[in-house]
Number of protein chains: 4
Amino acid sequence: MAIDFTISPGSAAPIFKQIADQVRLAVSAGKMVEGEALPSVRALAEKLLVNPNTVAKAYADLAADSTIETQAGRGVFVGRRRQMYTKAERHRRLKPHLDALVTEGLLLGFTVEELTAAIAARAEQLLPQEPK
Amino acid sequence: MAIDFTISPGSAAPIFKQIADQVRLAVSAGKMVEGEALPSVRALAEKLLVNPNTVAKAYADLAADSTIETQAGRGVFVGRRRQMYTKAERHRRLKPHLDALVTEGLLLGFTVEELTAAIAARAEQLLPQEPK
Amino acid sequence: MAIDFTISPGSAAPIFKQIADQVRLAVSAGKMVEGEALPSVRALAEKLLVNPNTVAKAYADLAADSTIETQAGRGVFVGRRRQMYTKAERHRRLKPHLDALVTEGLLLGFTVEELTAAIAARAEQLLPQEPK
Amino acid sequence: MAIDFTISPGSAAPIFKQIADQVRLAVSAGKMVEGEALPSVRALAEKLLVNPNTVAKAYADLAADSTIETQAGRGVFVGRRRQMYTKAERHRRLKPHLDALVTEGLLLGFTVEELTAAIAARAEQLLPQEPK
DNA sequence: GTGGTCTAGACCACA
DNA sequence: GTGGTCTAGACCACC
């Protein structure tokens with residue numbers, strides 16, 4: 001299934017990260033599977049009305065953590081999902097997001113229980129079919 | 001009660017935001033009350049070994065949402081007004097962090113249970129004494 | 001110890017990779033240690049007579065695998081060396097270099113013994129003081 | 001003896017080079033001898049499921065260093081000349097791959113013994129019967 | 001057609 | 001001052 005890419009130019013997140021995160025979301029949710037093709041750099045740039053370099057940067061970001069694989073002259077494809085990091089590294093990579101959610105959540109007045117419930121709810125929403 | 005400010009220069013969050021959020025959290029947790037004085041810009045800058053401009057920016061950020069009030073020549077004090085967000089607004093502000101944590105966590109191979117446990121553990125660190 | 005950066009514009013390897021690999025070589029050999037500062041993007045670009053974006057790309061490449069850590073507004077520093085990849089992933093990352101060396105080596109007429117000897121010799125040269 | 005060509009589209013090496021190197025290795029290993037015929041461009045392209053232009057480029061690459069000779073209208077044959085490099089030249093060409101493997105290997109945490117063992121194992125795969 | 005590299009130059013956030 | 005982002009446009013290798 002193809003992604004319906006959208007960007008919000010006024011957002012705090014940079015455009016290339018918005019694009020990359022939409023791909024990560026789709027892969028994480030199982031909407032895109034291994035080997036599936038992504039739109040070409042130029043095609044996506046044209047659709048989103050951004051510079052091709054910006055899309056290329058998003059794809060480079062995704063290739064850096066093996067979410068996708070680029071084959072020069074052929075295109076861009078979803079990579080194989082694999083456990084590539086050690087346990088310590090996985091926690092280290094999760095921590096910034098954990099910190100951001102907890103500090104923002106507490107500042108907004110959410111309780112710990114509300115936050116954990118929100119996590120569980122969002123995860124259920126993303127993984128209704130429990131992909132392996 | 002004064003805040004025991006700490007910053008981590010290697011963190012993803014900019015230093016001025018780390019400072020500002022510690023004040024916001026202390027105020028919303030009741031550790032600091034209306035009218036209480038905060039350290040002066042240069043005193044805090046000296047303690048944290050950061051540029052005074054950075055502390056000034058943190059205070060400006062806090063003054064912008066009325067968490068503190070700067071009284072020229074007298075100092076900086078905790079303000080009266082507490083911003084209240086609607087339920088929808090609170091969730092809208094939380095969502096990007098929620099999505100980032102869940103998608104990144106699932107891609108890293110964490111289970112939903114591990115994520116919720118991590119949230120609870122991190123929140124305990126920030127709110128050790130379960131304030132009301 | 002600072003690196004004496006040099007680039008060869010006519011080389012097959014792209015400029016940003018030449019820069020990044022010199023840093024990797026220096027870190028791998030223990031010539032640069034954790035926390036040590038690298039030249040600023042602009043300074044290095046001026047020295048090498050290349051576009052600052054090219055140096056920035058080299059630094060982004062190094063930051064992607066945690067060889068360095070960039071702190072916006074402060075500079076670029078050598079990161080902590082750590083075992084971040086699983087055993088399978090480490091082999092997967094080594095394989096392209098392994099394949100390139102073996103195929104090129106055999107095509108050039110080297111024997112397997114000569115290749116292994118060359119590896120051992122080069123490693124000795126890089127690690128005379130056996131850093132931990 | 002004909003070559004059993006295989007390509008891996010996901011590899012770092014471009015496809016045309018994978019094809020050319022298999023021919024070079026077969027010739028230098030004595031599996032193919034002077035005057036022996038190679039498959040036609042379109043036959044090989046069909047077998048490997050690649051674009052005929054890609055095979056043509058591989059053959060052009062091989063013809064450029066006289067590994068093969070294309071006789072218009074008759075076909076493609078293993079050439080007479082063998083390029084000989086001086087000792088210095090052979091080492092000069094090997095060095096970049098040697099450096100890449102050693103620095104990357106050491107950064108990934110491999111020992112020198114592991115690297116030499118990996119070299120030997122990989123070479124065995126490419127040269128199973130230890131040709132003279 | 002595809003992606004990859006590089007330059008030039010602008011603007012922004014952070015310290 | 002620092003690094004980060006984005007645009008515009010060029011050139012190249014590969015398929």
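Below, chain A is the first sequence line, B the second, and so on; all start at residue 1.
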Round to a whole Å and report the spacing from CG of C:Leu44 to P of F:dG3. 10 Å
Would you say B:Glu89 has more than 12 foreign heavy atoms packed within less than 6.0 Å of its CD? yes
Just need the stems in DNA chain F: three or more back-to-back Watson-Crick or G-U pairs, each with both distances under 3.5 angstrom, sorted by first number. E:1-14 with F:1-14
Near DNA chain F, counting only heavy atoms under 4.0 Å, which residues of residues 11-23 of chain D show up? D:Pro14, D:Ile15, D:Phe16
How about A:Ser40 and A:Glu46: do any of their side-chain heavy atoms sit closer than 4.5 Å? no
Please give, in whole Å, the distance from F:dC15 C1' to D:Arg42 CZ? 18 Å
Quick check on DNA chain E: between C:Arg74 and A:Ala43, whose nearest nucleotide comes earlier from the 5' end? A:Ala43
Identify every side-chain donor-acceptor pair in residues 6-17 of chain A under 3.5 Å, counting partners at least two apart or on other chains, and give the distances.
| unit_1 | atom_1 | unit_2 | atom_2 | d |
| --- | --- | --- | --- | --- |
| A:Ser8 | OG | A:Gln18 | OE1 | 3.4 |
| A:Ser11 | OG | A:Ala13 | N | 3.1 |

Using a 3.5 Å distance criterion without hydrogens, assess whether the side chain of B:Glu104 forms a donor-acceptor pair with backbone atoms of B:Leu101. no
Between C:Asp65 and C:Arg93, is there a salt bridge with N-O shorter than 4.0 Å? no
What residues from residues 46-72 of chain C pass a heavy-atom cutoff of under 4.0 Å to DNA chain F? C:Asn53, C:Thr70, C:Ala72
Contacts of A:Asp21 that satisfy salt bridge (Lys or Arg N to Asp or Glu O under 4.0 Å) - sequence neighbours left out: A:Arg24
Separation of C:Leu62 CG from C:Leu38 CG (nearest 0.5 Å): 7.5 Å
Under 3.5 Å, side chain of C:Glu36 to main-chain N/O of C:Val33, donor-acceptor pair present? yes
Given side chains that start at C-beta, do those of C:Val27 and C:Arg81 come closer than 4.5 Å, heavy atoms only? yes
Using distance only, find each side-chain donor-acceptor pair of residues 48-59 of chain A under 3.5 Å and give its atom names and separation, not counting sequence neighbours.
| unit_1 | atom_1 | unit_2 | atom_2 | d |
| --- | --- | --- | --- | --- |
| A:Asn51 | OD1 | A:Asn53 | N | 2.8 |
| A:Tyr59 | OH | A:Pro39 | O | 2.7 |

